[in-house]
Amino acid sequence: MRWKSAALFVLGIAASVRFAFAALDEASLAEVAPAAAPRAPFPTSRVVAQIDAALAAEWEAQGLVPAAPASDATWLRRLSIDLLGTIPAADEVIAFLADPAPDKRDRTIDAYLVDRRCAENLAALWSHLLLSASGVNEAKLTHFLQRWLADALANGAPFDAIVRDLTCSSGTGDDPGPMAFQLAYYDTLETLAGVTARAFLGLQIQCAQCHDHPFDRWKRDEFNRFAGFLLDMHGDLRVPVGKRVATWTLINRAPERELQAKLNRLARAVSGDGAMGGGADDAMAAAPMASDAPAPPLDADRVAAIGEALRLLRRGDRAAVEAVLPRLPDEARELVVRYRDQSELFGTAGHLDGAAYQPVDGQSRRAALAAWLTAPDNPWFAQALVNRAWGHLFGRGLIEPVDDLTASKDRVLPELLQALGAEFAAGGFDLRALFGALVRTRAYGLAATTTESPEAAVAQERRFAARTLRPLTPEQLARALEQAAAGQRIDGSPTSRSREQQRLLAELVDRVTAIDANEERRVGASIPQALFLMNGRYSHRSGELKKGGRLERFLDAKRSPVERLRDLWCGTLGRPPSEAEATALFAALAPRRDDATRAFDDLFWALLNSAEFQTHH
Amino acid sequence: MERTSGGRLPGNARAWSRRELLSVLARAGAGLVAAPPLLELFGAQALAQESLGRPNRKRLIVLWLDGGPSHLDTFDPKPGSPGGGPFRALPTDVAGWSFSEHLPSFAARAERLTVVRSLHSKEGSHARARQLLHWGYTPNPSVAFPSLGAIVAHEVGDLQHDLPAFVQLLGEPWGSGYLGVEAAPYLIADPTSRLENLARNGAIDAERAAQRDLLLQLLDGDFAQRGGGRVVHEQAVQRRRARTLMESKLLPALDLRLEPDAVRDRYGRGKFGQGVLMARRLIENGVAAVEVALDGWDTHKDNFRRTKALCDELDPAFAALLDDLTERGLLADTLVLCIGEFGRSPEILAGEGRNHWTSAYSAVLAGCGVPAGRAIGATDERGAQIVARPIAIPDLFATFAALLDFDGSRKFQASTNRPVTLIDPDGAVVKELLPG
């Protein structure tokens, strides 16, 4: 009897509370979402001309001779890896090279930008950037975040809207979507503050967490006030063993009220017969409790102490709450102490650029943060995104490291970055348009340097007068291997990576060689990768006799030897074989089928192990 | 080829010829159980003699305690102080020096090691602190610093040796920066599982392999001319190192199944313990630098339970390593370093956690002539501030250069136009850690 009425009581509270919070959240978002003002489209050709002119002037000033333009084949492979995260299929390469139209590059750019694989590629990169500091939570949440991001990007959502969603959404349910970002850090708000600043503003404030930053401008005070915007975020994430995500919640609630709710629940749980847990489907019940085991029976004094603490908190009498602390049960004391520590450190909120923050009734702090982050006059947001996009496409940013805007001393044309940031903001933070402009610049189409002197090469590359060569990342290499072995183009499947991909990644992701100053994994040649390519699964009989697979195409007697060699080269290196290569290899194509298979295996092995295949050039 | 015994073989001091050794190895590799004395012999000393090469060449083993181990709960306990925590302290034979109760093997071996209790730095974030502790320099994004292991491999090790001169077990790879790919670490992610891809596919005979190599050279040569020279070179180096590894007769050093169970048990059967055992085997087989990582020390919550569990792994592994190196006469030439990126706060936080602490923390050194049985530096009664002999990380690195016998003032061209020295010139050698 008591059970039923108690349960109803709890459910009743839960329902009313949830409704109240839902209302609060909608109000907050309404505050933040800007009026749908029409935005001018991004002026692509003007921006391209601007970049070309600025770089040309810089090259002249520095006495740099730009490298030759890259060949069509190199350009296509480069674009494909940058935008789609994989190499082009043989048919695509051959068609592109044969196309006489003068606007073929333009059309390819536009096609790639709306290709689903592009959205998925960028979603995967951003998801890793956002979640990697969360340790084990990354694996639990990444596919939710990637799927939501891929959908948003594929729909052409402006990036400021995306960032607002990532920063201040709330809810509970099946699919966390954008909330996966904050959920990953639901119990470490200092880390979330650091990641937010780094990912969206290009600022490395996380060092100021413990003390004033050793050489950058950030003081500990400023860090704490920035983290203060996250103080009203309360979340919980429960993942049973073997599952992805089972239950999660993310809400806006003032810290005092969150504490009250938890203490309330604790009091209910331990009063009476002690066997009653929180309400069954109460959203707040998902909030972390020490364990699911029944609480040990407590004496009346302790239960009374919880009640007293609650009353004192409502009155705002902190000193008296401190006095009650020793009488509280351990769990309750921990909650109160944590609240006290956090609200002391992060109680006031303040913007990093000193802009005034006035709490507004009905607007959560996170909503205020989201508005400030994406405001057109935010000093860093637009530039941080442009620099990151530039770094992705060119191999290094205008400012290096790519997300260290204030402390970096390695800057090329900072005024260009500023101008581009302004254009990006004015054009509505259209990421597609920004990429479209950057890949149309002259600099993007240059070949690698062929100068002998290493110093001259570095000078050229740093100012984008020549292409910076990079090794393929493990993810890119895994996709490239799979695409090379398949004959047809592998299309992006929504969020579910093929099992082959998963296997490959598991083998390749460890093959990084160094961590540089910015914690980015810098991939390079490594012994395990060499061993994998020389002796592993792709080293022999790998172009399987799948229908339409690479080996089958090579053995297709209906095609001429020249065509077959070209198909093999284009499907792996993205270019046809050179004269010298063709001459040397002609002899390899024997009339008997099993000899041809053997020849294929050897050629394929050499192609996959070549430096050219493993390099993003 | 007969070798003369170095007089270090236990039991019957008979020299084993290389052929005998290899046949024993082969049999053991095929799964037959070899008698323990045989395993003890060939597993360590005999190969070590031959492969150490230059006599008295120094070696480095780093036990990297990732996350920032609480010095108060390990090497510098202050039981009874306000933030001292529940662990007791075990006294040692050295007056005034104790270890946490969960490191009894350390305490028992105090006269064979040295603790430094007065390390300090300004880097409180994990990323920068880890970099500082691996590079010996304040992190600077425009310089690709090599890690200590890579420096030792390059300056002290033999880069042409069969096995890579710098091996890392578990943990994240710490690269060779401006020293180039020859000194890059070979990362073994799991010392307990079989290494993969070490054998060429059975269907490819030597002749066919040679044909494949010719094709590969054709492709790479062409690419090198089109601007890919540096990449081709790096890949070629790694491929060569991979091939050498594949064909090396020292490959059994990477196979822990060749160690008797009793030995494997002594180190602890977890990945870290087994990694330390492999580190010993690698050092015996001519590898210059090995780093084994033990992760999990970043105890913002639940510090005492987690620290105890980690100590339960660290304690036996370190003891077994120290004992084995001593017994095999390798300790005099091997520096063992037990260190993390910072310590933890004397204040205990909600959730029984300790925060990062950079004002004072500890490390343990053994071997390589470091005067043993000493505690260098001291902290106050809470373990919060240094009261004697503060030592900065560059100072420690300058000391490493002296101990490991390489010239820290050698200059190299980093990516910026200024040359950089291997060791931060602002570091002052800690004389108390030098022999004699």
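Protein chains get the first letters and strands the later ones, always in sequence-line order, with residue 1 at the start of each. As the structure is a computational prediction, the values presented were derived from the model and not from experiment.
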Tell me, side chain or backbone of [X] under 4.5 Å from chain A's heavy atoms, or both, or neither?
{"X": "B:Ala209", "result": "neither"}
{"X": "B:Leu245", "result": "side chain"}
{"X": "B:Ile188", "result": "neither"}

**Study point:** Close contacts, residues 218-226 of chain B versus chain A, judged by heavy atoms under 4.5 Å
**Key:** B:Leu218, B:Leu219, B:Asp220, B:Asp222, B:Phe223, B:Gln225, B:Arg226

Review point. Given B:Gln238 and A:Gln529, is the side-chain contact (heavy atoms from CB on, under 4.5 Å) satisfied, shown in steps?
Key: CA-CA 9 Å; B:Gln238 296 291 40; A:Gln529 181 162 315; over 6 Å; no

Test item: [X] and [Y] side chains (from C-beta on) under 4.5 Å apart, heavy atoms:
{"X": "B:Gln211", "Y": "A:Arg598", "result": "yes"}
{"X": "B:Val231", "Y": "A:His617", "result": "no"}
{"X": "B:Arg208", "Y": "A:Asp601", "result": "yes"}

Review point. More than 12 heavy atoms of other residues, nucleotides or ligands under 6.0 Å from CD of B:Glu347: is that the case?
Key: no

**Study point:** Exceeds 12 heavy-atom contacts within 6.0 angstrom, atom CZ of B:Arg230
**Key:** no

Under 4.5 Å from any heavy atom of chain B - which part of [X]:
{"X": "A:Asp410", "answer": "neither"}
{"X": "A:Thr449", "answer": "backbone"}
{"X": "A:Leu607", "answer": "both"}

Spatial distance of atom [atom1] ([X]) from atom [atom2] ([Y]) [nearest 0.5 Å]:
{"X": "A:Ser526", "Y": "B:Gln235", "atom1": "OG", "atom2": "CD", "result": "9.0 Å"}
{"X": "A:Ser539", "Y": "B:Arg200", "atom1": "OG", "atom2": "CZ", "result": "10.5 Å"}
{"X": "A:Asn609", "Y": "B:Leu215", "atom1": "CG", "atom2": "CG", "result": "11.0 Å"}
{"X": "A:Asp602", "Y": "B:Leu216", "atom1": "CG", "atom2": "CG", "result": "11.5 Å"}
{"X": "B:Arg212", "Y": "A:Leu603", "atom1": "CZ", "atom2": "CG", "result": "9.5 Å"}
{"X": "B:Glu196", "Y": "A:Arg537", "atom1": "CD", "atom2": "CZ", "result": "9.5 Å"}

Point to revise | Option that, when pairs with chain A are counted at under 4.5 Å, heavy atom only, ranks first among B:Met246, B:Glu352, B:Arg240 | key: B:Met246

Check your understanding: Top residue by heavy-atom pair count (under 4.5 Å) with chain B, among A:Val337, A:Leu533, A:Leu469?
Key -> A:Leu469

**Study point:** Options A:Arg338, A:Glu334, A:Glu612, ranked by heavy-atom pairs under 4.5 Å with chain B, top entry
**Key:** A:Glu612

Closest heavy-atom pair and its distance - [X], [Y]:
{"X": "A:Ile527", "Y": "B:Pro164", "result": "CD1-CG, 3.7 Å"}
{"X": "A:Ala611", "Y": "B:Val232", "result": "CB-CG2, 3.6 Å"}
{"X": "B:Ala242", "Y": "A:Leu531", "result": "CB-CD2, 3.8 Å"}

